[in-house]
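Throughout, protein chains are lettered first and strands after them, A, B, ... in sequence-line order, and every chain is numbered starting at 1. All of these numbers come straight from a predicted model, not from anything done at the bench.
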2 protein chains.
Amino acid sequence: MGLNSETPPIHTETSFSGRTKKIVRDPCLQPCSIERGMRILGGKWKGSILWHLKDGPVRFNDLTRMLGGASKKMVDQRLKEMETIGLVERHVLQTRPIAVAYSITDFGKSTLNVLEQLKTWAEQHGI
Amino acid sequence: MGLNSETPPIHTETSFSGRTKKIVRDPCLQPCSIERGMRILGGKWKGSILWHLKDGPVRFNDLTRMLGGASKKMVDQRLKEMETIGLVERHVLQTRPIAVAYSITDFGKSTLNVLEQLKTWAEQHGI
DNA sequence: CGGTATCCTCTACGATACTG
DNA sequence: CAGTATCGTAGAGGATACCG
């Protein structure tokens, strides 16, 4: 699964319409694949979320607690982003009160190597 | 080389002084090492910079061109951050006009595994 | 060439309160 | 419980101009 299959070009276009200057510079269309990868995983809580889901589904509030410091709003936003990308899945459990669990997809699992390396690196260097 | 050797605690402290509410929440003091690692490497251009320096010193303007879309200001900021952390080194070449080259340190090289994994992942999944 | 300085916009993110 | 709504601020980051 992928988002697009070709290396996208740098897209820096400047158009003038009357006095209005509009610059189109899509931050995801980067020439360097590392940069593009970082745009997906490098967000503020994304790596951690993925990591905390690796051992099984986790419920929303539990997740926010695990992240220690992230507001519900932020976690919600990141989860939605990651759901549309296909990194995580959302499951509604029919209970009262309602419960929602998030799980990692196969695509999400494909990032765990990278994250593990990052974790190892961080720990080895006392980050 | 490391920044600190122990896992820092969550530091979320709320203090009231009169009417003023001040919340201390240092973004670098995260319980999850992945999150902390991301704070170092996950910044907007840091991974790419490191990657482009891996084959030898690169001059400032060349670097900005390689990054394709980053302003001089941004590159400058990132480089300074990364210099103080010890990821890169700055060398002034005595020429006219002046030339400055940046190189990767040993500590910087220690990140290349992670970045390589990220690159591979991104390319395999068409990111 | 390798930056600084200035200005300005936009959005990331936190706090807080509310809802089905 | 799992969000949504609203508001507010700090800072990220771009444009532009200037300098030794």
Side-chain angles (χ1 to χ4, degrees), chain A residues 10-16 19-28 30 35 38-39 42-46 48-49 57-81 83 88-103, chain B residues 10-16 19-28 30 35 38-39 42-46 48-49 57-81 83 88-103:
Chain A
I10 310 175
H11 182 27
T12 310
E13 174 188 307
T14 314
S15 59
F16 294 83
R19 305 193 97 95
T20 324
K21 187 170 60 173
K22 186 85 184 173
I23 293 169
V24 182
R25 189 190 290 245
D26 189 327
C28 284
Q30 287 297 324
E35 202 54 41
M38 279 297 188
R39 298 293 204 276
K44 196 166 185 184
W45 300 104
K46 298 192 202 167
S48 311
I49 289 176
V58 180
R59 294 186 38 189
F60 182 80
N61 277 344
D62 292 340
L63 204 47
T64 66
R65 268 172 239 120
M66 285 164 148
L67 296 175
S71 64
K72 290 198 290 183
K73 182 178 150 191
M74 278 304 99
V75 179
D76 186 53
Q77 277 184 14
R78 293 297 146 265
L79 282 171
K80 274 186 182 149
E81 275 182 49
E83 198 192 351
V88 302
E89 258 170 5
R90 181 174 181 274
H91 311 273
V92 181
L93 289 66
Q94 283 311 338
T95 56
R96 287 287 317 193
I98 207 168
V100 176
Y102 289 86
S103 65
Chain B
I10 309 173
H11 182 29
T12 309
E13 173 189 307
T14 314
S15 60
F16 295 82
R19 306 193 94 97
T20 323
K21 188 172 58 173
K22 186 85 183 173
I23 294 170
V24 182
R25 191 191 287 247
D26 190 327
C28 283
Q30 287 298 323
E35 202 54 42
M38 278 298 188
R39 300 291 206 276
K44 198 165 184 184
W45 301 104
K46 298 192 202 165
S48 311
I49 290 176
V58 180
R59 294 186 37 189
F60 182 81
N61 277 345
D62 292 341
L63 204 46
T64 67
R65 268 173 239 117
M66 287 166 149
L67 295 176
S71 63
K72 289 198 289 182
K73 181 178 150 190
M74 279 302 98
V75 181
D76 186 52
Q77 278 184 14
R78 294 297 147 265
L79 282 172
K80 273 187 182 148
E81 274 181 49
E83 198 193 352
V88 302
E89 257 170 6
R90 181 173 181 274
H91 311 273
V92 181
L93 289 66
Q94 284 309 340
T95 55
R96 285 289 316 194
I98 207 170
V100 176
Y102 289 86
S103 65

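- Atom-to-atom, CD of B:Gln77 to C1' of C:dT6 comes out at 14 Å; the value is rounded to the nearest Å.
- Smallest separation of non-hydrogen atoms from B:Phe60 and B:Val75: CE1-CG1, 4.1 Å.
- Residue B:Leu63 contributes atom CG, which lies 10 Å from atom P of C:dG3 at whole-angstrom precision.
- Residue B:Arg59 places at least one side-chain N or O closer than 4.0 Å to OP1 or OP2 of C:dG2.
- The pair B:Glu81-B:Arg78 counts as a salt bridge, with a side-chain nitrogen and a carboxylate oxygen less than 4.0 angstrom apart.
- Among D:dA2, C:dG3, D:dT4, the nucleotide with an atom closest to any side-chain atom of B:Val100 is C:dG3.
- Side-chain N/O atoms of A:Tyr102 include none lying less than 4.0 angstrom from OP1 or OP2 on D:dC1.
- A straight line from NZ of A:Lys46 to C1' of C:dC13 spans 15 Å, rounded to a whole angstrom.
- Here the P atom of nucleotide C:dT19 and the CZ atom of A:Arg96 are 16 Å apart, to the nearest Å.
- The shortest distance between the side-chain N/O atoms of A:Arg78 and the OP1/OP2 oxygens of C:dA12 is not below 4.0 Å.
- Closest to the B:Lys73 side chain, of the nucleotides D:dG14, C:dC1, C:dG3, is D:dG14.
- Across the protein-nucleic acid pair, B:Lys72 atom NZ and C:dT6 atom C1' stand 15 Å apart, rounded to whole Å.
- For the atom pair CG of A:Leu79 and CG of A:Leu63, the computed distance is 5.5 Å after rounding to the nearest 0.5 Å.
- Between A:Glu83 atom CD and D:dA2 atom P the separation is 15 Å, expressed in whole Å.
- Residue whose closest nucleotide on DNA chain D sits further toward the 5' end, between A:Ala99 and B:Trp45: A:Ala99.
- The two atoms that bring A:Lys46 and A:Arg39 nearest to each other are NZ-O, 3.4 Å, heavy atoms only.
- Contact record, A:Leu67 with A:Ser48: CD2-CB, 3.6 Å, taken as the closest heavy-atom pair.
- Distance, A:Asp62 CG to D:dA2 P: 7 Å, rounded to whole Å.
- Closest to the side chain of B:Ser71, out of C:dC1, C:dG3, D:dG14, is D:dG14.
- When each of C:dG2, C:dT4, D:dA15 is scored by its nearest atom to the side-chain atoms of B:Lys80, the top-ranked nucleotide is C:dT4.
- You'll find that the side chain of B:Arg65 is closest to C:dC1, out of C:dC1, C:dA15, D:dG3.
- Each of D:dG13, D:dA2, C:dC13 was ranked by its minimum atom distance to the side chain of A:Arg90; first place goes to D:dA2.
- Look at CE on A:Met74: it is 14 Å from C1' on D:dT6, rounded to the nearest Å.
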